[in-house]
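This report concerns only the one structure given below.
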Amino acid sequence: MSKSLYERLGGSEAITNISSDLVDIHMANPRIAARYADSDPVKVKHQVATFFIAGTGGPNDYDGQEMRAAHTGMNIDNDEFVAVLDDALQALEMHNVGQREKEEVLYVLYSMKSDIVYV
Ligand code: HEM
């Protein structure tokens with residue numbers, strides 16, 4: 001059987017490190033940093049990592065909200081959504097993730113757009 005995306009990304013430790021860098025990149029990205037001004041970085045990193053791990057085929061320890069509920073009322077626009085995808089690609093490249101895995105992650109993230117933008 002072929003390996004899950006979770007395994008190909010390097011498992012929980014690797015995905016946790018990618019997620020930590022991703023949240024740091026968001027918080028330093030002038031296009032979206034203000035959205036996280038009141039956020040606790042430790043908590044957001046934990047939520048993003050467990051969501052990412054569960055979503056790629058690893059253990060499901062995510063206890064946060066579904067994507068639509070988590071982003072409802074924020075009035076997130078298309079440019080902000082693209083900024084998050086740009087940051088995700090940057091974090092994946094920092095960790096030397098393979099081309100195919102980058103494409104798979106980006107596609108999964110993109111597919112969540114209708115639950116995040118203007119909900
Ligand atoms: C596919 C894209 C995205 C994914 C997978 C994603 C994922 C998540 C996750 C897992 C949480 C935690 C929810 C919880 O704790 O219940 C969250 C919260 C949040 N997201 Fe997103 N998100 C995405 C796009 C965006 C965009 C475009 C913005 C706006 C720039 C955004 C802003 C936020 C904010 C402000 C929070 C709350 C953070 C906090 O709890 O302090 N997200 N997101």
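All residue numbers in this chain count up from 1 along the given sequence. Counting starts at 1 for both ligands and their atoms, in listed order.
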Under 3.5 Å between some N or O of ligand 1 and some N or O of E80? no

Pairwise side-chain hydrogen bond (donor to acceptor under 3.5 Å, both in side chains) hits with a residue in residues 49-61, at least two apart: none

Mind checking what makes salt bridge (Lys or Arg N to Asp or Glu O under 4.0 Å) contact with E93, not counting sequence neighbours? K102

Excluding waters, how many protein N/O/S atoms sit closer than 2.8 Å to atom 21 (Fe) of ligand 1? 1

Backbone N or O of H26 within a donor-acceptor pair of the Y36 side chain at under 3.5 Å? no

Does K113 approach ligand 1 within less than 4.0 angstrom via side chain, backbone, both or neither, non-hydrogen atoms only? neither

So, is R35 polar-close to ligand 1, with some N/O to N/O distance under 3.5 Å? no

Contact with ligand 1 for K43, non-hydrogen, under 4.0 angstrom: yes

Does an N or O from Q65, backbone or side chain, lie closer than 3.5 Å to an N or O of ligand 1? yes

Apply salt bridge (Lys or Arg N to Asp or Glu O under 4.0 Å) to D24 and list each qualifying residue two or more places apart in sequence or on a separate chain. K45

For a quick check under 3.5 Å, do D115 and H71 share a side-chain donor-acceptor pair by atom type? no

Minimal heavy-atom distance between A49 and S19, with the atoms involved, is CA-OG, 3.4 Å

Do T16 and E13 meet the criterion of a side-chain donor-acceptor pair at a distance under 3.5 Å? no

